[in-house]
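What follows is a set of notes on a single structure, which appears directly below.
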Amino acid sequence: MPEMLEAEEARALIAARALDRPVASVFTPDAWYLKRGLTPAAAKRALKGRTLTEARRRGKQILVDTSDGGPVLALHLGMSGRVLVDGDAAGDPLLYASNRDAPEWRRFGLTFADGGTLFLRDPRRFGAVELDPDEDRLGPDAFDLTKPYLAGVLAGSRAPVKAVLMDQHRIAGLGNLLTDEALFRAGIDPARPADSLDPAEVATLHRAVRTTLRTLQRRGGSHTGDHMVAREPGAVCPRDGAPMLRRTVGGRTTFSCGLHQT
DNA sequence: GATGACCTGTGA
DNA sequence: TCACAGGTCATC
């Protein structure tokens with residue numbers, strides 16, 4: 001299930017292969033999938049005849065600009081979505097989700113005048129398509145996270161530090177796996193109240209977030225973290241051999257080392 | 001802020 | 001059959 005690294009791969013795929021191709025038709029078989037009042041008719045009207053001019057991303061949200069003053073096309077991958085351009089998907093197959101290609105999983109699509117296609121495939125239907133989203137409902141993208149900003153959002157909350165890191169309004173892009181990995185690397189207990197971190201811990205966490213994003217992006221996705229091998233019942237910490245804890249923190253299944261994450 | 005709801009597929 | 005899944009939203 002995609003986090004910001006998978007969204008970035010999808011963005012890059014669109015940027016590389018789907019721009020400047022006139023849209024001949026818009027495929028909207030699943031009206032439920034269109035959000036914020038968007039209808040199939042309105043989507044067709046807004047996109048047909050235009051080209052995609054730029055593919056951006058903020059957190060997990062993929063934002064595609066369109067030509068001639070057209071709308072911003074916003075794609076969200078939800079828990080199981082993938083973008084396909086001319087039938088090809090970017091990146092590794094998803095964990096926890098089917099990677100088959102059943103035609104009925106295509107929830108939205110564009111057919112270009114040259115015969116090519118862009119599809120959003122999403123078995124679980126947790127993704128979304130909308131036009132002109134309010135981009136500022138998201139915090140700054142996690143790639144742009146600064147230490148002072150992180151210090152500020154942590155100091156302002158008594159919620160578990162993991163919940164704050166995953167709050168898309170505060171920081172956009174970190175999901176369950178990336179957050180667990182960053183806290184694992186930083187040696188910080190995910191359940192710690194955010195405002196209990198001292199400045200040294202904030203600095204360590206900031207570095208861990210940056211290292212996690214860079215390293216896992218290079219390795220190929222959110223599922224390539226060091227702690228992933230220990231993400232199962234009875235596992236031990238790959239760093240020190242201590243038992244891994246499995247809990248719910250911030251509403252999500254959380255694995256952490258009971259020894260080095262304090 | 002924690003909880004349940006949304007929806008569907010997979011694997012034990 | 002059940003538990004579980006990399007997300008987000010409304011609700012108490």
Side-chain angles (χ1 to χ4, degrees), chain A residues 1-10 29-37 57-62 74-83 89-108 120-130 133-134 137-139 142 153-154 156-184 190-196 212-213 216-217 219-234 246-255:
Chain A
M1 286 132 219
E3 300 187 31
M4 62 182 284
L5 297 180
E6 287 67 33
E8 171 57 23
E9 289 175 340
D30 188 353
W32 182 89
Y33 207 77
L34 308 175
K35 297 298 153 71
R36 284 216 329 167
R57 181 190 57 76
R58 181 154 170 176
K60 304 167 191 171
Q61 185 78 65
I62 300 164
L75 307 175
H76 199 292
L77 302 176
M79 293 276 271
S80 60
R82 303 200 82 184
V83 169
D92 288 358
L94 291 174
L95 295 182
Y96 317 128
S98 175
N99 291 282
R100 295 186 349 237
D101 188 15
E104 63 270 27
W105 292 343
R106 296 178 171 186
R107 311 297 179 187
F108 176 82
L120 179 44
R121 181 217 298 166
D122 182 6
R124 239 177 120 183
R125 296 173 81 216
F126 271 158
V129 173
E130 62 182 275
D134 175 10
R137 69 188 168 183
L138 297 171
V153 296
L154 293 177
S157 175
R158 290 175 41 193
V161 57
K162 170 165 177 173
V164 174
L165 292 175
M166 286 200 308
D167 179 351
Q168 304 298 300
H169 302 284
R170 293 185 169 104
I171 302 166
L174 300 179
N176 201 29
L177 295 184
L178 290 175
T179 304
D180 271 10
E181 176 75 8
L183 290 164
F184 177 87
R192 283 266 301 280
D195 63 3
S196 74
T212 294
L213 292 177
L216 274 54
Q217 182 177 41
R219 291 181 187 169
S222 305
H223 60 294
T224 61
D226 291 352
H227 89 290
M228 285 302 290
V229 296
R231 221 177 161 75
E232 58 183 25
R246 181 191 194 276
R247 293 174 289 176
T248 297
V249 179
R252 308 302 299 281
T253 300
T254 300
F255 287 88

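Note: hydrogens, waters and symmetry copies are ignored here, and every other heavy atom, side chains too, is used. Every chain is numbered from 1 and lettered A, B, ... according to where its sequence line falls, protein lines coming before strand lines. Please read all numbers here as calculations on a predicted model, not as lab measurements.
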A/Arg107 CZ to B/dC6 C1', straight-line distance once rounded to whole Å
13 Å
For A/Arg246, give me all partners under side chain to side chain donor-acceptor pair (under 3.5 Å), at least two apart in sequence or on another chain.
none
Would you mind reading off the distance between A/Asp122 atom CG and B/dT8 atom P, rounded to a whole angstrom?
10 Å
Just jot down the side chain to side chain donor-acceptor pair (under 3.5 Å) partners of A/Glu130, sequence neighbours excluded, or say none.
A/Arg36, A/Arg137
Listed partners of A/Glu3 passing salt bridge (charged side-chain N to carboxylate O under 4.0 Å, His left out), at least two apart:
none
Could you work out, with side chain to side chain donor-acceptor pair (under 3.5 Å) as the rule, every residue matching A/Glu8, not counting sequence neighbours?
A/Arg11, A/Arg57
Counting heavy atoms from C-beta on, name the nucleotide in B/dA2, B/dT8, C/dC4 closest to the side chain of A/Arg125.
B/dT8
Is A/Thr253 near enough to C/dA5 that one of its side-chain N or O atoms lies under 4.0 angstrom from OP1 or OP2?
yes
Just verifying a value: how many Å separate A/Ile62 CD1 and A/Leu120 CG, rounded to the nearest 0.5 Å?
7.5 Å
Counterpart residues, side chain to side chain donor-acceptor pair (under 3.5 Å), relative to A/Arg58 (two or more places apart):
A/Asp136
In whole Å, what is the span from the CG atom of A/Leu154 to the P atom of B/dG1?
13 Å
A/Trp32 side chain near B/dC6 phosphate (N/O to OP1/OP2, under 4.0 Å):
no
Which value, rounded to the nearest 0.5 Å, describes the distance between A/Phe255 atom CZ and A/Met228 atom CE?
9.0 Å
Roughly how far apart, to the nearest Å, are B/dT10 and C/dT8 at atom P?
22 Å
Among all residues two or more places apart in sequence or in another chain, which pass the salt bridge (charged side-chain N to carboxylate O under 4.0 Å, His left out) test with A/Arg252?
none
Pairs counted only when both distances fall under 3.5 Å, Watson-Crick or G-U: show me the 5' to 3' dot-bracket for DNA chain B, [ ] for pseudoknotted crossings and | for other-strand partners.
||||||.|||||
Polar atoms only, N or O, under 3.5 Å: list the protein pairs with nucleotides 7-10 of chain C and their distances.
from	atom 1	to	atom 2	distance (Å)
C/dG7	OP1	A/Lys60	NZ	2.7
C/dG7	OP2	A/Asn176	N	3.4
C/dG7	OP2	A/Arg252	NH1	2.5
C/dG7	OP2	A/Arg252	NH2	2.8
C/dT8	OP1	A/His76	NE2	2.6
C/dT8	OP2	A/Lys60	NZ	2.7

Interatomic distance where CE belongs to A/Met228 and P belongs to C/dA5 [whole Å]
11 Å
What integer distance in Å separates A/Arg192:CZ from B/dG1:P?
16 Å
Sequence-distant partners of A/Ala142, side chain to side chain contact (heavy atoms under 4.5 Å, CB included), two or more places apart:
A/Met4, A/Ile171, A/Leu174, A/Leu213
